[in-house]
There are 6 protein chains.
Amino acid sequence: MRPSGRAPDEMRAITIETGFTKHAEGSCLISFGDTRVLCTASIEERLPPWLRGKGEGWVTGEYSMLPRATHTRGSREAARGKQSGRTQEIQRLIGRSLRAVVDLTKLGERQITLDCDVIQADGGTRTASISGAWVALRLAVNTLLEQKLISEDPITQKVAAISCGVYQGTPVLDLDYDEDSNADADANFVLIGDGNIAEVQATAEGATYDEEALLRLLRLARMGCDGIFAAQEKAVS
Amino acid sequence: MRPSGRAPDEMRAITIETGFTKHAEGSCLISFGDTRVLCTASIEERLPPWLRGKGEGWVTGEYSMLPRATHTRGSREAARGKQSGRTQEIQRLIGRSLRAVVDLTKLGERQITLDCDVIQADGGTRTASISGAWVALRLAVNTLLEQKLISEDPITQKVAAISCGVYQGTPVLDLDYDEDSNADADANFVLIGDGNIAEVQATAEGATYDEEALLRLLRLARMGCDGIFAAQEKAVS
Amino acid sequence: MRPSGRAPDEMRAITIETGFTKHAEGSCLISFGDTRVLCTASIEERLPPWLRGKGEGWVTGEYSMLPRATHTRGSREAARGKQSGRTQEIQRLIGRSLRAVVDLTKLGERQITLDCDVIQADGGTRTASISGAWVALRLAVNTLLEQKLISEDPITQKVAAISCGVYQGTPVLDLDYDEDSNADADANFVLIGDGNIAEVQATAEGATYDEEALLRLLRLARMGCDGIFAAQEKAVS
Amino acid sequence: MRPSGRAPDEMRAITIETGFTKHAEGSCLISFGDTRVLCTASIEERLPPWLRGKGEGWVTGEYSMLPRATHTRGSREAARGKQSGRTQEIQRLIGRSLRAVVDLTKLGERQITLDCDVIQADGGTRTASISGAWVALRLAVNTLLEQKLISEDPITQKVAAISCGVYQGTPVLDLDYDEDSNADADANFVLIGDGNIAEVQATAEGATYDEEALLRLLRLARMGCDGIFAAQEKAVS
Amino acid sequence: MRPSGRAPDEMRAITIETGFTKHAEGSCLISFGDTRVLCTASIEERLPPWLRGKGEGWVTGEYSMLPRATHTRGSREAARGKQSGRTQEIQRLIGRSLRAVVDLTKLGERQITLDCDVIQADGGTRTASISGAWVALRLAVNTLLEQKLISEDPITQKVAAISCGVYQGTPVLDLDYDEDSNADADANFVLIGDGNIAEVQATAEGATYDEEALLRLLRLARMGCDGIFAAQEKAVS
Amino acid sequence: MRPSGRAPDEMRAITIETGFTKHAEGSCLISFGDTRVLCTASIEERLPPWLRGKGEGWVTGEYSMLPRATHTRGSREAARGKQSGRTQEIQRLIGRSLRAVVDLTKLGERQITLDCDVIQADGGTRTASISGAWVALRLAVNTLLEQKLISEDPITQKVAAISCGVYQGTPVLDLDYDEDSNADADANFVLIGDGNIAEVQATAEGATYDEEALLRLLRLARMGCDGIFAAQEKAVS
C-alpha cells in the first residue's frame, strides 16, 4: 500500500501554469502533486566562447532548490559557495534531455537556458523540471518563430520524464518523498514523444533489482509520460 | 510624469498570499505590482555556535534573485561560487530590520531564518522582502505560541519597508524598475508600526540631494508603510 | 566495423595488478585495454560527523583524471579550485555501486574510501574504476578480517561495471575513446555477481534509442561483466 | 557622559599626512583619533571590459582591515578566501561616495581605484576611509592635470563622511569604538562640500529612533564634515 | 655599479619604529630603505584544534602586500579569493624562521601570530618581514613575562633575514627592486644570533651559480644580519 | 645509523621507466626507492595571455600527491577546493628548476607543462619530480626536433635534484620518510650538469646549522646528482 493511497500505476495530479513570470521568453509553474517547479527559458543571442562559430546553437539547464522547498531547511548553495554534486548531476541531465529533442543547427547561434527552480519539493523534482522545461522551451521557441528569427522549428519531439521505483517490493509510478526515501530502487526515465528513450537512470538503493523489474519500471514510465505529454500539449496550445 | 502613470504618492497594488509553500513554518508570496517575492520563515531549534548559551535566539535573513527574475538573465550566484556584494548587503538589511521588532530573549535558543527569493523583479525587491518577511515571521511565531514552545510573544511591532526616490526632480513613492534605473536619488526606509524608524538608506545616484528632499521622501515612506501595515494586518488575521 | 577491429561483443584485454602501492590497505592497477586506473582502498577508524553513532560504517569513492591521462592535457581540478560536474557524478556512482555489495553494519564504525585515479584514459574510465575499486575493497576488507577487527565479511557480492553503446547503428561492448566520442547512445551498467543490477545509466547522445536496444546493451553488459568477475576472482585469490 | 569625556558635538582630532607611500599617484594616512586609515589612489589607463568604449572613466573603492587593526585579531580575508559582507558593503559605499563628486566624462577612459586599508581601528573606519580617499583622489587627479593628460578638473566638490549616533539617549558626533558597540542607533552621513547629501545610512541598533533624532544626527554630521572639509583643504594645498 | 650607488656590501638604512599600532601585544614598522613593513604580534590563548593538548604553543606568520605597495597596483588577494603561491611561500618561511628561535614548550598552550603587512615595497619584503617580526614577537613575549603568564623566556636567540644576489656578475647585499628584478641569482638567508643558519634559499634567475658564489653571498648576509641584529637590539631595549 | 641501514652517502635505487603513458609527448615513472612519481611533459602550441608575443616559450610545472600516496590518506586538493601552500611551493620550484636549463627563445611560442603526480611517497618527492621532469622534457623536446618544429635544441644542460639532511647529527644523502620526519635540517639541492647550482633550499627543522654543515650537504648532493645524471642519460638514450 502506497503512503498516499495511490494505485501502483497512478500518477499524482499534474498541472502546468504557463506564463508564470513575465520577463522570460517562456515560463511555467509545473506541479506533480506537491512538487512545484518554476521553469523559465531564457534566449540569449550569444554563445559561450567554446561554442561559437559552428553555425549552431546550444540548450542548457540549471537547477536549484529554494532553501525551504524541503521538510527541513537546507543551506543555500550560493552561501556555501558551490553547487552540490546532486545539483550538478541534475542540471547536466536537464540539458541533455532537452538537447535530445532540439536540432541545434536550426536554432542558430543563440543559447537557450532552462532554469528549473524548485519552489516546493515532494519527490520527483528532476523529472518535473525536465517536463516543465520542455513547455518553457516550446513557448520560447514559438516567440523566435513568430518574430521570424528562425525559419524552421528546431524542436523535433516532446520530451518528458518521470520517476518510478520498487517500493516495498512493488514497482510503482511517480514516487513522492515518502516513497523515494524508502524505495529499494529508484529509476528516472526520460522519454521522447515517439516512444524512444533519451535516458534511463535506474539505481539500487536498498536492494539490487533484476531485468524484469527494469522492464516493469519502464512500462510504468511510458504510462506516466503519456499523461505528461497530454498535459504539455494542453499547456502550449 | 511617472512611466506607470501613477501619482507621486501612489503605491503599486500590494498583495500578500500566505501559506504559499507547505513545509515552512510561515510563508507568503508578496507582490508590490510586478515585483513578487516568496518569503519563508524556518524555525530551527539550534543556533550557530557563536550565539549559543546566551539564553536568547536569533533572527536572520537570506536573499536571492532567481536568474530570470529580471529583464535579462543574470548568472546564478551558486554557479559563480559567491554571493554578490549587493546580495549580502540586502540580506544583512533584512536580518537587522526584523531583529528591530523581535525581543530575542523571548524567542528562546532557536533561530528563525527568513528566506526571501525574488520570483519576479520590477524594482523594490528588498523592501518587498522585508515587508513579506514580517508576515512569514508572524505566522511562524504564531505556531510557536500555539504549540506553547514559547509563552510570550517576542514580536514587539510590525515592520515594513518601502523605496522612494527623486525621479526627474520629483519625490515619488515606491519606485518601479523604470524609475529606479533613472532616479537622481534612491532611498529605502524601514519603518516600525509605532512610527519610529529602523533604517534609512538614502543614496545619491545622479545628483546629490538636500535635507528637505530627505524629509519629503521620509513622509512619502510613511504613507507607503501605512498601506503595507494594513496589508500585513489583513494577511495574518 | 569497430575502429579497433574488435567484434561487437568483444572486450578489450583486462588486467588487474594488485598491491600497486604499498601504503593503502588494498590497491590495484586495473587496465581495460589502454585505460588504466589506480584504485586504492583506505580504511579510516573514524566516520564523518553525520554518520557517527549509528553502529555502522561507510564506503565512499573519489575519482580524478591525471591532467595528461587524455589525448590533450586537461586542467588540474585542484588548480581550478573545484571538481567538475562530471567528476562528482562519477564519484557518487562509484560510492553507490560499492555500497550495493557491502553490509555496512558488519563493517563497524569505520570508513573505507576508494580512490580511483585515472593514469591513462581510453574510454570506460568510470567502469574500470568501479571494477578495480571492488578488488581494492576486497583486499582491504581481508586485512580487517585477518586482524580480527571485524568478525563477519561485510562484502556480500562482487560488483563490476562496463560501458556499452550503439555505434554506427550496432550495439557494441566496452567502448573505447574513438567509439565513445561518436556513439549514438552510451550506457553504463553496474552488475552484481548474482546477476542483479545495481545501476543502469543509458544516455542518448546522437540519437534516442528503443527498448530493444536497451535490452541488447544489457545483454552485452552481462557478457562483459562475466569476464570482469573472472578477472577479479583471479586477482584476489 | 561619553567614555572619552568628549562633548556630544566634539570630534576627535583629525590629521591627514599626505604622500604616505611613494608609488601611488595620491596617498594619505588619515586619523580620526586612534582610527588610522591608509588611503591610496591608483590610476590605471584601462577600464574593466564592461565599462570600455563609453568615453568616460570610473572611480572605485576597495577596503580592508589589517588583521590586528582591532582589539582582538580578526582572520585575514585573503586566507578565508572571501571578503565579508561588511567589507563589500563598505567598499561599495566608498566608490559611490567618491563618484558623487566626479564627472566621469572629464576623467577620460581611465580608472582610479581608492584603496582604504585600516591600520588601526577605533570606530568610524568607513567614514575616515571616504574622507581620506577624497584627499588621495585629489592628489592623483592633480598629477593628471599637471601632466596635461586631462584638461578639465573632473572633481566637482569635496566629499567627507562622519558617523553619529544615539548613545545613552544622547545624539553624539564621531563615535569611537566604545560608543559604537553600545549605541542605540548608528548613522553614517556622506556630505558634499556645497551642503548637499550623498548618502545617509541610519540604523537602529538597540532602539529605533524618530524623525527628530534623525535630524539632530544630520546636524551633528554637518558640523563634523565642516571640520573634515577644512582638514582636507589644508592637506591638499 | 649598483643602481642606487651603494657599495656591494652596503645595506640600505634600517629603521624600526616600535609600538606602531596600539592593539597588538607587540608591533613595529620596519624599513629597509623604501621597503616598509608593519609587523604585529598577536597572542591568542587558544590553539588550532590539531595543536591542542601537547602542552606547547605555536608561532605562525601571515604576510600580505597592500595593493598599491608596488609600482603598479596589484589585485587584492581577498578580492581574488585566494592567496598566491608566493604569499603562501613567504608566510610559511616567516613562521619557520621565528619558530627556529622559540622554545614552544616554554610558550604554553597559546598561539602567537606574526602579521607582516607590506605598506611599501622596494625589494626584500620577506626579509624585512622576518626581521621585524622578531621585534614584534620579542615585545609580545615581554608582556607575557611581565604579566607572569609564563615564567621562562621562550625566545632563545635573535633571528634576522637579508637578501643577497648576483647583480651584473657581482655579489651584492640587500637587493632593492631594481636589482631584484634583474639579478642573475637571488638568495634569502635567515640567520640566528649565534651565527647559525635557519634557512638558505638561493635561486638562479638569469644564470646558475657556483659554490664560491654561494659562499660569498652567505658572507655578505652575515654582514647584513649583524647590522639588523644591532637595530633589533636597539629597538627592543 | 640510518633506519634503512644505508651509509650516510648512499642513495636509494633510482629507476626511470620512460614512456609510462602513451598520450604525453614525454613521460616517465621515476623511483627513488619507494618514492614513485609519474612525470609527463605536455606540449601546447599556445601560451597563457601574459606570455604571448615575446617570441619565446614557457616551461611550467604542476605537482600533486595522490590521496593515498602517503602512510595515511590525505584529503584530495580538488575536493578541498584549493592547493596547499606546500603544493604551490613545490610546483613553483619544479618550474624554476627546469627553466634554468631551457633557452626559451629556442622553444618558440609554445608551452611545455611538466605534471608530476606522486603515486607513492617515501621522502624526496619534490626532488624525484624535478629529476623525472627533466627526462619527460627531454623526450618531449626530442619530438619537436624530430618533427622539425624547432631547429635548435633549447635544452642546455641536465638538471637533477636531491634532498640531504642532518639526521641525528650526521649529514646524510637522499632522506627517506623516516629520516625526513626526524631530521634536524633538511636541504634540497637542484644542480646542473656542468656542476653549477640552480637552487638551494636548506631549512632548519629541529636545530639550526652552520656553514660547514651546509657545505657538507652540498657535497653529498653533488654525489647524489651525479648518480641521477647517469640514470637520466641512460633513460633517454
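Within every chain, numbering begins at 1; the chains are lettered A, B, ... in the order of the sequence lines, protein sequences first and strands thereafter. Note that this is a predicted model, so its numbers are computed, not measured.
The pair R76(E)-E77(D) does not meet the salt-bridge criterion, since no charged nitrogen lies less than 4.0 angstrom from a carboxylate oxygen. Of the charged side-chain nitrogens involved, at least one lies within less than 4.0 Å of a carboxylate oxygen, so that R73(E) and E62(D) count as a salt-bridged pair.
Contact annotation for R36(D): only side-chain heavy atoms (C-beta onward) come within less than 4.5 Å of a heavy atom of chain E. Using a 4.5 Å cut-off between heavy atoms, T21(D) touches chain E through backbone and side chain atoms alike. Only the side chain of E44(D) comes within less than 4.5 Å of a heavy atom in chain E; its backbone stays farther off. In this structure, the portion of L38(D) lying under 4.5 Å from any heavy atom of chain E is its side chain and not its backbone.
With chain D as the partner, the residue from L66(E), D122(E), T72(E), T87(E) showing the most heavy-atom pairs under 4.5 Å is L66(E). Each of I119(E), I43(E), D115(E), D34(E) has some count of heavy-atom pairs under 4.5 Å with chain D, and the biggest count is that of D115(E).
Considering D117(E), T113(E), T40(E) in turn, D117(E) is the only one that fulfils the side chain to side chain contact (heavy atoms under 4.5 Å, CB included) rule with P67(D).
When all heavy atoms of Q120(E) and K22(D) are compared, the pair lying nearest together is OE1-N, 2.6 Å. Of all heavy-atom pairs between R68(E) and S42(D), the closest is NH1-OG, 2.9 Å.
Around atom NZ of K82(E), no more than 12 heavy atoms belonging to other residues, nucleotides or ligands sit under 6.0 Å away.
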